[in-house]
> 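Can you keep this structure in mind? I'll have questions shortly.
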Amino acid sequence: MLIKDYYTIEGTSHTGDNTHIFHIRLNPECTVYQGHFPGEPVSPGVCNIQMLKELAEQVAGKRLFMSNLNLCRLTTLVTPQAHPTMSATLTLDEKDGTYKLRATLGKDEEIYLEMKAELN
Amino acid sequence: MNEPILTGEGLYKLIPQRPPIVMVDSFFEADAESATTGLTILPNNIFCLDGQLQEPGLIEHVAQSAAAFAGYAPYTRGESPKLGFIGEVKKFKIMRLPEVNEQLVTTLKVLGEAAGVTLISAQTNAGEETVATCQMKIFIKE
């Protein structure tokens, strides 16, 4: 984990061919919140992108380099207090060593973040 | 490159982020539609792993460069920086991960602005080499 103690994985499930679901808990004690922002903790969007990349690495079983973040929409301001638990849903397709990742982060019907990326 | 207008903790006048997640250390210049910022990658940077700045570190550097740009006009009027949030990242292409001790220089251009949302394009260089390009939408919280 790049950002130490940013999150924990509380469970996983696997649906369909390539879809993996991770149940996540954010850690409000993570040091990143000391600076983002002082007295007003907000989960940095890039830390959530990194978390999804690490989950993709776990599915792929190896370290990956994100050469292209084609699109990432951050639709909810996530805070570890208001949004302590969430689900990450990943679809990972590999062809000739390049992985196409589609991932969403959210809870119930609400989407916090969605992204498409190429990794290799 | 001219001497920076602000460096180090001087950037705190432009951005609300504080250690350990400050990802700009130089503000070189700005006009109404463009700005140039910089970051020297220190070994203790929170986004470094195995001597390289990882992907989220590059994205955060561009986002905070945009935040610094948004904070520059209020700063010249003696006002505090506002909180800015990334709304969308598009076509963030990374050619390579920069190494510790390299200096990133990022040039931002405003492509459009409406209702508190600013669309920017950015190019990040390490020396002569372009290491990343992207488009980003930033929301400024009033």
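Order of the sequence lines fixes the chain letters, A, B, ..., with proteins taken first and strands second; residue numbering starts at 1 for each chain.
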> Within a radius of less than 6.0 Å around CD of Glu3(B), do more than 12 heavy atoms belonging to other residues, nucleotides or ligands occur?
no
> Select, from Glu118(A), Lys116(A), Arg63(A), the one with the greatest count of heavy-atom pairs under 4.5 Å involving chain B.
Arg63(A)
> Any idea which of Ala117(A), Cys72(A), Cys47(A) has the most non-hydrogen atom pairs under 4.5 angstrom with chain B?
Cys72(A)
> With a 4.5 angstrom heavy-atom cut-off, could you sort out which part of Glu60(B) is near chain A: side chain, backbone, both or neither?
both
> With only heavy atoms counted, which part of Gln54(B) is less than 4.5 Å from chain A, the side chain, the backbone, both or neither?
side chain
> Can you name the residues of residues 31-46 of chain B that have some heavy atom under 4.5 Å away from a heavy atom in chain A?
Ile46(B)
> Contact part of Met95(B) toward chain A, heavy-atom cut-off under 4.5 Å: side chain, backbone, both or neither?
backbone
> Answer yes if Val117(B) and Val110(B) sit in the same cluster of Ile, Leu, Val, Met, Phe, Trp and Tyr residues linked by side chain heavy atoms under 4.5 Å apart, and no otherwise.
no
> Relative to chain A, which segment of Pro16(B) carries a heavy atom at a distance below 4.5 Å: side chain, backbone, both, or neither?
both
> Can you name the nearest heavy-atom pair linking Asn68(A) to Lys93(B), along with the distance?
ND2-CE, 3.7 Å
> Between Leu2(A) and Phe92(B), is there shared hydrophobic-cluster membership here, with clusters defined by ILVMFWY side-chain heavy atoms closer than 4.5 Å?
yes
> Highest number of heavy-atom pairs under 4.5 Å with chain B: which of Val42(A), Thr75(A), Leu71(A), Ile49(A)?
Leu71(A)
> Might you work through the side chain to side chain contact (heavy atoms under 4.5 Å, CB included) test for Ile21(B) and Tyr33(A), ending with a clear yes or no?
CA-CA 9 Å; Ile21(B) 191 170; Tyr33(A) 296 112; over 6 Å; no
> Tell me, side chain or backbone of Ile3(A) under 4.5 Å from chain B's heavy atoms, or both, or neither?
side chain
> Closest heavy-atom contact between Gln17(B) and His36(A)?
CG-CD2, 4.0 Å
> Check whether more than 12 heavy atoms from other residues, nucleotides or ligands sit under 6.0 Å from atom CD of Glu9(B), and answer yes or no.
no
> So which part of Leu119(A) gets closer than 4.5 Å to some heavy atom of chain B, the side chain, the backbone, both or neither?
neither
> Determine whether Met66(A) and Val131(B) fall in the same hydrophobic cluster, where Ile, Leu, Val, Met, Phe, Trp and Tyr are linked whenever their side-chain heavy atoms lie under 4.5 Å apart.
yes
> What part of Cys134(B) is in contact with chain A, defined as an atom under 4.5 angstrom from a non-hydrogen atom: side chain, backbone, both or neither?
neither
> Any side-chain heavy atom of Arg96(B) sitting closer than 4.5 Å to one from Phe65(A)?
no
> Of the listed residues (Ile94(B), Leu97(B), Ile86(B)), which shares the most heavy-atom pairs with chain A below a 4.5 Å separation?
Ile94(B)
> Non-hydrogen atoms of chain B under 4.5 Å away: do they reach the side chain of Leu77(A), the backbone, both or neither?
side chain
> Which atoms of Phe139(B) are under 4.5 Å from chain A, going by heavy atoms: the side chain, the backbone, both sets, or neither?
neither
> Would a 4.5 Å heavy-atom cut-off, applied to side chains only, mark Leu74(A) and Phe85(B) as touching?
no
> For the residue pair Gln34(A) and Pro20(B), establish whether any side-chain heavy-atom pair is separated by less than 4.5 Å.
yes
> Counting N and O atoms only, with roles assigned by atom type, does the side chain of Gln50(A) sit under 3.5 Å from a partner on the main chain of Pro56(B), one being a donor and the other an acceptor?
no
> Side chain from CB out, backbone as N, CA, C, O: work out which of these in Lys53(A) comes under 4.5 Å of a heavy atom of chain B, or both, or neither.
side chain
> For residues Tyr6(A) and Ile9(A): do they belong to one hydrophobic cluster (side chain heavy atoms under 4.5 Å, members Ile, Leu, Val, Met, Phe, Trp, Tyr)?
yes
